[in-house]
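Notes follow once the structure below has been shown.
These values consider heavy atoms only, across backbone and side chains, with no hydrogens, waters or symmetry-generated copies.
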Amino acid sequence: MRLWLKFSRADELGYISHLDTHRAYYRLFRRAELPLALSQGFNPHPILSLAAPMPLGYRSEADYVDLTLSSALSLAELATRLATTTGHEQFRFLGGVVVGAKAKPLAAEVAWTEYEISLPQGGAVEEALRQFAALENVPFRKETKKSVKQVDAKPLVRKAEFIGQKLRAVLSSSEPIVLRPDEYLALLSSLVQEKWKNDHVVRKELYLRDKDLVTPLERWLEGGENLNEGHSS
Amino acid sequence: MIPKTIESLLPRVNKPARYIGGEVNAVRKDKEYLEVRVALAFPDIYEVGMSHLGLKVLYRVINDLPYAVAERTFATWVDMAALMKENEVLLYSLETFSPLAEFDVLGFTLQYELSYTNILWMLDLAGIPMLAADRQGQYPLVIVGGPCAYNAEPLADFVDLVVLGEGEEVIIDILEVLRQGKALGRTKPDTLKALSRIKGVYVPSFYEPIYNVDESFQGLKAKAAWLPTTIEKRVVAALGPENIPTSPVLPFIDIVHDRVLLEIFRGCARGCRFCQAGMTYRPVREFNSAVLVDAAQQAIRHTGYEEISLASLSSMDHSNIGELVKDLVDKFSCHGVNISLPSLRVDSFSVSLAADVAKVRKSGITLAPEAGSQRLRDVINKQVTAPALLKALSGAKSLGFRSVKLYFMLGLPTETYADLDEMLALISRAAAILPLTVSVSSFVPKPFTPFQWERQFSMQDIEERQNYLRERLRKDRRVKFVYHDATTSFLEAIFSRGDRRLGQVLLEAYRRGCRFDAWSEHFRFDLWMEAFAEVGLDAASYANRERLLSETLPWEHLSPGVRKEYLWQERLRAQDAALTGDCASGICEDCGVCSAFDICTITERGRRE
């Protein structure tokens, strides 16, 4: 039985790495005594993966786990077990869906990430957003460990708005070109010749490789059992 | 919630999760309802300290008390420490982010001599005066315990109390006295006086060292007539479920031993003559298998760990080890939990048991013959023979193990180059069976062992012996040869048997920048030597001088229960390469522990009076 599960992480847990987060979820599920399926082979390991890594220090209200169980378990029962397990306050279960066994790995499906970036000191953010929207293309130097290349940032941003000192933006989070929040901020502020100081970055939601912005849970909402936000606690 | 001042530093340091606490099973109590607060301090980084069993045991024992709390603190790595200094953030506890100065007790564990500068550093980072004499009532009492407490004289100027032996009972006695003392508004000197009446507690400031005219150590003089002249260790007479931490704090980051550590017994009766733990943790007291299986089950349920490691000084010596391992494997293998045996005996039974539990990957196995020749193994009373070792290795090979690590010690008393040649011959025969990693450490004489009077060979001599081995092993592709730096072993030898004057050297070395001495990238031997020169003490005379029977040793006012006469007799037997039996075999050699404490060896099959 394969599931996509959504969690919200306690703020301080932004300081643990992707690998450590993976292990923390694994142990959470073990404490909850979920019937975890194990891979076959010499060194069996749980069939569990996280949808997207996150830079250290970011907060996450949208951790997604792609998990395979060895036997059927209702989502209501799963929610109950998680809610009574130590550590559930840190990794709060928000909802889940049963996905088809043939579904692609969630990590391969995620294309967009919505961030909320606090800019307590403000700046000409709205002006920068207007300019960004008005430009035909926005040249941007993308540096990776291996290379530096000139790319157009315009198609890497799906949505952006600035409300109450907080910038909300949906940015490309899949290859070939990932736009990180810090890169996006630097780009925007340079349009208005400013330097902004940001506070917390919160990952608010992940969206899939669909035409419209569809969350992982929404994809599987129709058909099959599901348990969504609001019903979990 | 992490305070803003601390959180703002986290994006700038390596492994920030070391500094955030908030782990599963961490205990947070409302300080308003507490009478005594203890900060358990480990003088190394989080990953090392969190792997330490003693910390987990004390954390449980103290937090089980309704009136007290234990929180944790570790040495911050240099990057974080620099930022904390720069931003005036004081060293804090991970549970409540309280500055350490707020606590009633700051308890350091002494696992290793080269962690001493980190104790000074942690006090300094916490804004607490390093010297005990400079700390009056508003500061926490600084307590030390653990293996190196059997000679804590080099730390005497910095600590308020030294606790000898096993901690879980004595800590409660101490906290009870502190609790009363707070209610009565006792001053620090009165508190120390009250504490000094507890068995196992040594207050260094109540004793004064006396030196001879030639500056050798004469003895320690009690400053008052009512003070005990000998401070005896504490020992838990019988071990039960309450001595097992079944809800250990579960770290987020990968630590050194990231698994359930299940202590299966304390003490070891094999009597290896170099081994301090083997002498000081006597007598053997086993946990009952049924208690262990039940505790393991709870620990797995509370953590979600995938591995249980059977911890003790020599796990194969538990009298019921075969069945215990079988029970654990039966109970846990279907839950995806592995059992591991970290300390194997050099015999075929151990190897086959290790193979049984290594269901997953049989990558490697570690065995410790300790010395290369039969003569030298007899000198140290390590009852291992070459045929037994080779047979164990053949067994390991046929059971599917692919490599072996062998531990040896260099510079053992009476060692000659003939012994090294025999070591090389043994290595060569072993390497014909399986690929080897040969790890060679240097002998460090320890207090309360038969070798406490022995000298350590000079650094130059040790290095020559290391080179001799390295040259001869270099061409052998089957062998990977690793060895410990002679300078670190030299410093260990100085501090393990040092006197109170070394406190000045420690302070001087710290001021010159020594810290994390156990980490090769931070170890600054040159600064240490400058510190010795500055204070005017001869480092080599501490490490390389043989002690005489007529001398008073700087730790003689402390006692683990083993008689000095027994240790001396064992030393004489070592010189004759004569063996001494294991007391578990039934012949009592009268080391003195059982009669001193009116206790006895307890195995699962019964008590041995």
Side-chain angles (χ1 to χ4, degrees), chain A residues 9-48 54-59 63 69-71 81-82 84-91 118 120 180-182 197-201, chain B residues 1-4 6-28 46-47 80 94 97 246-255 258-260 297-307 332-338 358-363 400:
Chain A
R9 245 196 269 181
D11 289 348
E12 61 268 25
L13 300 189
Y15 291 101
I16 65 175
S17 71
H18 186 62
L19 204 66
D20 294 336
T21 308
H22 184 274
R23 191 173 43 232
Y25 276 110
Y26 174 40
R27 289 185 180 153
L28 173 74
F29 299 152
R30 288 180 60 93
R31 290 196 300 281
E33 296 180 6
L34 303 186
L36 301 177
L38 296 178
S39 66
Q40 303 297 308
F42 223 45
N43 188 9
H45 54 271
I47 308 170
L48 177 164
M54 203 174 64
L56 276 190
Y58 286 17
R59 297 176 177 181
D63 273 9
L69 298 180
S70 61
S71 58
R81 288 205 199 168
L82 287 174
T84 51
T85 299
T86 44
H88 70 93
E89 317 84 345
Q90 293 160 314
F91 295 98
S118 298
R180 295 196 317 262
D182 57 314
K197 202 171 153 22
N198 72 288
D199 206 348
H200 306 298
V201 179
Chain B
M1 278 292 279
I2 308 173
K4 275 240 174 265
I6 295 168
E7 193 174 357
S8 65
L9 311 179
L10 297 177
R12 297 156 68 189
V13 300
N14 190 20
K15 296 208 185 156
R18 288 167 173 165
Y19 313 111
I20 63 172
E23 307 95 326
V24 167
N25 300 329
V27 177
R28 258 181 244 112
Y46 181 89
E47 292 93 316
M80 182 65 171
L94 290 181
F97 300 98
T246 47
S247 292
V249 177
L250 182 70
F252 288 119
I253 54 175
D254 200 12
I255 59 170
D258 203 13
R259 55 190 77 102
V260 172
Q297 216 155 5
Q298 290 181 47
I300 290 293
R301 202 178 303 137
H302 295 154
T303 58
Y305 268 132
E306 6 5 78
E307 186 178 344
F332 291 109
S333 61
C334 56
H335 296 100
V337 177
N338 291 316
K359 286 259 156 59
V360 187
R361 243 182 321 173
K362 284 178 216 150
S363 49

What residue in B:I2, B:I300, B:I20, B:I253 has the most heavy-atom pairs under 4.5 Å with chain A? B:I253
If you count heavy-atom pairs within less than 4.5 Å of chain A, which of B:R301, B:M1, B:K15 leads?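 Highest number of pairs under 4.5 Å: B:R301.
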List the steps and the verdict of salt bridge (charged side-chain N to carboxylate O under 4.0 Å, His left out) for A:R59 and B:E7. CA-CA 13 Å; A:R59 297 176 177 181; B:E7 193 174 357; 3.6 Å; yes
Tell me, side chain or backbone of A:F91 under 4.5 Å from chain B's heavy atoms, or both, or neither? side chain
Measuring heavy-atom distances to chain B, does A:H200 have an atom under 4.5 Å in its side chain, in its backbone, in both, or in neither?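 For A:H200, the contact with chain B is made by the side chain alone.
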Looking only at heavy atoms, which of residues 18-28 of chain A get nearer than 4.5 Å to chain B? A:D20, A:R23, A:A24, A:Y26, A:R27
List in chain and number order the residues that pass ring pair (Phe, Tyr, Trp, His ring centres under 6.0 Å) with B:Y46, two or more places apart in sequence or in another chain; answer none if no residue qualifies.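 For B:Y46, the residues satisfying ring pair (Phe, Tyr, Trp, His ring centres under 6.0 Å) (neighbours in sequence not counted) are B:F74.
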Checking B:Y19 now: which residues fulfil ring pair (Phe, Tyr, Trp, His ring centres under 6.0 Å) with it, not counting sequence neighbours?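 B:Y19: no ring pair (Phe, Tyr, Trp, His ring centres under 6.0 Å) contacts found.
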Stepwise, does the side-chain contact (heavy atoms from CB on, under 4.5 Å) test hold for A:T86 with B:H302? CA-CA 8 Å; A:T86 44; B:H302 295 154; 5.9 Å; no
Return the minimal non-hydrogen interatomic distance between B:V24 and A:G87, and the atom names on each side.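 Minimum heavy-atom separation between B:V24 and A:G87: CG2-CA, 3.8 Å.
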What are the two closest heavy atoms between B:A17 and A:I16, and how far apart are they? CB-CG2, 3.6 Å
Nearest-0.5 Å distance that lies between atom CD in A:E33 and atom NE2 in B:H335: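 Spacing of CD (A:E33) from NE2 (B:H335) equals 7.0 Å.
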Verify side-chain contact (heavy atoms from CB on, under 4.5 Å) between A:Q90 and B:F252, making sure each step is shown before the conclusion. CA-CA 11 Å; A:Q90 293 160 314; B:F252 288 119; 3.7 Å; yes
Residues in salt bridge (charged side-chain N to carboxylate O under 4.0 Å, His left out) with A:R180, at least two apart?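 Only A:D182, A:E183 meet the salt bridge (charged side-chain N to carboxylate O under 4.0 Å, His left out) criterion with A:R180.
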Need one label for B:S247: side chain, backbone, both or neither, based on atoms under 4.5 Å from any heavy atom in chain A. neither
